[in-house]
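Report on the structure given below.
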Amino acid sequence: MEDSKSVRSNFIWDFVQQDLDAGRCQSVHTRLPPEPNGWLHIGHAKNIYVNAGTAERFGGLCNLRFDDTNPAKEEQEFVDGIQADIRWLGYDWNGGLFFGSSYFDECYELAEKLIRDGNAYVCDLPQEEMRRMRGTLTQPGQNSPYRDRSVEENLDLFRRMRAGEYPNGARVLRAKLDMASPNINMRDPALYRILHMPHHQTGDKWCIYPMYDFAHPIQDALEGITHSMCSLEYEAHRPLYDWVVEVCGFPNHPRQIEYARLNLTRTVMSKRYLRKLVEEGYVRGWDDPRMPTLAGLRRRGYTKEAIRDFIERAGVAKADSVVDLALLEHCIREHLGEVAPRAMAVLRPLKVTITNWPEGETKALTLENHPAHPEMGTHEARFGRTLYIEQEDFMENPTGKFFRMKPGGEVRLKGAYIVRCDEVVKDEAGNVVEVRCTADLTSLSCSEGAGRKVKGTLHWVNADDAVPFEARLYEPLLRDEDAIEEEAEGDEAVPDKKDFIARLNPNSITVLTGCMAEPWLTDAKDGDKFQFLRLGYFCKDQDGFVFNRVVELKDSFKPAAK
RNA sequence: UGGGGUGUAGCCAAGCGGUAAGGCACGGGACUUUGACUCCCGCAUUCGUAGGUUCGAACCCUGCCACCCCAGCCA
C-alpha cells in the first residue's frame, strides 16, 4: 500500500538532476542552515524536507549548519532544541554538524584577500549616511568617499577593527561593486560589522562578525555544498552570492536555488510573534500544544509521518502560496487512523442503565484494537448494567438526521448489544442525568443474532470498570481571517499586544474532568500510543474548520488512585 | 517608479508545441458494529489579460494587469 504512493518530484530535483547529468557535480551535498534564534515550526519542516530530503533523494549528504553569525539574536537553548526536532522528524545530518561561527577564521582571511585584490574597502560612513548614499529603488547610489582608500590603508583599518580599536558601528568592511546597480543588494553591501559582544560558540574571540551575504557562500563552498536551497527573498542576493564565491577563488561553485516558504492558513508562523507568545506567557513554552512549532505539534498528537506527508503533498514550487490547514488535518487523521489502536473513552459521561441486565452481573467482551489490522490484537472490556456514553451521543429531541441515541430509538453499543432507549431521567434543573435502556440480548456482536442493523453505533465504558481522568483538548492558536487581511496591509510594526492576542482564538484549551476510559488504558507506558482515543473524534468549529481534538494523555491521563 | 520573481479550480500543484495529472476542500451515491474509514461518481471547453506566430499554444513572441521580494552595520 505504501509503495503505491509515489514520491512527488519537484523543480529543485529537476535542477539537481540536470547538474548531475551535465557533470557539473558528481554527487549531491546540501546543508540545512537554521539560525538558532527560536524553535523549529511547521514551516521549517519544509526547509528540512527540501534540503535533507534532496540529499536523501540523490543518495548524497546533508550538513546541519547553525547559521550563527549574529551573536545578538542567538542562543544555545535553540541549537539543542533544533537538533532534537530534526531527529524527531526522522532526518539526520549525515554530512556532519557545523557552526557558521567555526569559519570565522576563514572568513577573516578571505576578507583580507578581498581587500588585497581591491574587492573590498573599509568605510567610515555613519549608518544613516550610508543608507542615504545607497540611493533608492529608482535612483542610483553615490560612491562612498572612502571607496578609493589604498590597499595598505584598508588592511590596516580592517586589522584594527578586528583588534577592537573601534566602537560598534564605527566602521564597516564593504564589497566594492557598483553603487549604480539596479539591484540594491549589489550597491557595495557590508561584509563585516563591528559588534563587541560575546558569541555563544566563540566567546570573546571576535568583535567583528561577517554578514550573512559574505559568510554563507563561503561556508557553502568550504563544506563542498553543491546545492544551497533557500527561500524566495534571497533571489536578489544570488548575484552577490555568486560574486563572493568567485572573488574568493573557490574552485567549486555551489548553486543557490530558491523556493517558496510554507504558509498555512490562519497560522502564525513568524518567529517574532511566536517568541512573543512564549516570552509574555500566553502559552507555556515553545512546545505548548497550541503552538505551530514542531515540538508543539508533537505534543498535540501529530506524528512525524503525518508532517512529512503533509509537506510532500503541499509541494515545492516558486509561487507564493498559503496551504489550507485542512490538508494538515487530513494527513494526521489519515496516519493516526491507520496506526492508532482503538480504545473507548468518554469525555463527557452520561449514565446509561440497562434495565434488563441483572445487577452485579457482567459479560466479558473481546474488542479489536484496529478494525483493519487484526494483527494488532484485541483487548477485553466488560459489559454491565451501568454504563457511560458521550453526552453528545444522546439527544432528547433529535433534529434532522440524528442516528445516535434518542428516546424510543435503537442504537448499537460498539462491540456489544443493540439497546433501546425507554426512559430519560432528569434532575430538578431539567438536565438529562441518566438514560434507561433495554438491551436486545440476542444482538450481541459476533453472535448469530448480530446481523440486525441499526443506524448508529456508540462508544461506551462500563461504569464499574471505568477509570476517571482529566482531559485537555488543545486547539491551535489561530488567527481570524480579518487579521490575515490586516496583516497583508503590511506594516512593519509588531501589532500591539492586545491586538495581536485578540486576533487569536481564545479558549484554546478545554479541560475536562470526570472523563471515563477503559481500564486497559491505564497500562499505557507513554501517551503516544493512545492519541486517538476515539476514531472520528473530531468536529467542526463555527467556521467549518475541522480539527482533531486529541487528548494529551501524557500529561492529562491520571489513572484513579488505587 | 529601478531590479528580481510569481500568476493553472475554493486551497496547493503537475504540465516544458499535440488538445488541462494528482491531492485537499466541496457535492452526490454505496458500504459500515461509531455518520469515521473505505469505495464509486461529479467538480477548469480552459490556464491573469489582450493580441501575434503555428495545422495545432497553458507552453513560443509582444503589450498590458495583479501580487510578492529588495533601499539592515538581520538572516
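Bear in mind that the values here come from a model prediction, so they are computed numbers and not experimental data. Letters A, B, ... are given to chains in the order of the sequence lines, protein chains preceding strands, and every chain is numbered from 1.
- Within the 4.0 angstrom heavy-atom criterion, no nucleotide atom of any strand lies near A:Val454.
- Comparing A:Gly169 and A:Leu458, the nucleotide of RNA chain B nearest to each residue sits closer to the 5' end for A:Leu458.
- Remark: A:Lys414 is not in phosphate contact with B:U33, judged by side-chain N or O atoms under 4.0 Å from OP1 or OP2.
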Passes side-chain hydrogen bond (donor to acceptor under 3.5 Å, both in side chains), A:Arg31 versus A:Ser228? Steps please.
CA-CA 7 Å; A:Arg31 107 267 91 117; A:Ser228 182; 2.9 Å; yes
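- Looking at heavy-atom distances under 4.0 Å, A:Met186 makes no contact with the nucleic acid at all.
- Within 4.0 Å (heavy atoms only), A:Tyr209 reaches no atom of the nucleic acid at all.
- Nucleic acid contact for A:Lys455: sugar-phosphate only, since backbone atoms but no base atoms lie under 4.0 Å from a heavy atom of the residue.
- A sub-4.0 Å separation between OP1 or OP2 of B:U34 and a side-chain N or O of A:His459 is absent.
- Here B:A58 sits opposite no nucleotide as a Watson-Crick or G-U wobble pair (both hydrogen-bonding atom distances under 3.5 Å).
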List the steps, then state whether side-chain hydrogen bond (donor to acceptor under 3.5 Å, both in side chains) holds for A:Thr293 with A:His41.
CA-CA 4 Å; A:Thr293 51; A:His41 54 62; over 6 Å; no
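- Dashed line: the shortest gap from a side-chain N or O of A:Arg333 to OP1 or OP2 of B:C24 is not under 4.0 Å.
- Across all strands, A:Cys446 comes closer than 4.0 Å to base atoms (heavy-atom distances).
- Close to B:U33, at under 4.0 Å from its OP1 or OP2, lies a side-chain N or O of A:Lys453.
- Not one side-chain nitrogen or oxygen of A:Arg404 sits closer than 4.0 Å to the OP1 or OP2 atom of B:U33.
- Applying the 4.0 Å criterion to OP1 and OP2 of B:G72, one finds that A:Arg134 has a side-chain N or O inside that range.
- Salt bridge A:Arg65/A:Glu35: absent, no basic N to carboxylate O contact under 4.0 Å.
- Syn is the classification of B:G72, since its glycosidic angle stays within 90° of 0.
- Nucleic acid contact for A:Gln127: base, since at least one base atom lies under 4.0 Å from a heavy atom of the residue.
- The base-pairing partner of B:C64, taking Watson-Crick or G-U wobble contacts with both distances under 3.5 Å, is B:G48.
- Base pairing of B:A36: no nucleotide in any strand meets the Watson-Crick or G-U wobble criterion (both distances under 3.5 Å).
- As judged by a 4.0 angstrom heavy-atom cut-off over every strand, A:Tyr192 is placed among residues making no nucleic acid contact.
- The backbone N or O of A:Asn51 lies less than 3.5 Å from a partner atom in the side chain of A:Thr30, making a donor-acceptor pair.
- Side-chain N/O atoms of A:Arg193 include one lying less than 4.0 angstrom from OP1 or OP2 on B:A75.
- Looking at A:Asp440 and A:Arg412, no side-chain N of the basic residue comes within less than 4.0 Å of a carboxylate O on the acidic one, giving no salt bridge.
- The side chain of A:Arg131 places an N or O atom within less than 4.0 Å of a non-bridging phosphate oxygen (OP1 or OP2) of B:G72.
- Counting any heavy atom pair closer than 4.0 Å across all strands shown, A:Leu365 reaches no nucleic acid atom.
- Along RNA chain B, the nucleotide nearest to A:Ala416 and the one nearest to A:Val322 differ in position, and the one closer to the 5' end is contacted by A:Val322.
- Contact annotation: A:Ser181 does not reach the phosphate of B:G3 (side-chain N/O to OP1 or OP2, under 4.0 Å).
- Checking the phosphate oxygens (OP1, OP2) of B:G2, no side-chain nitrogen or oxygen of A:Thr136 falls inside 4.0 Å.
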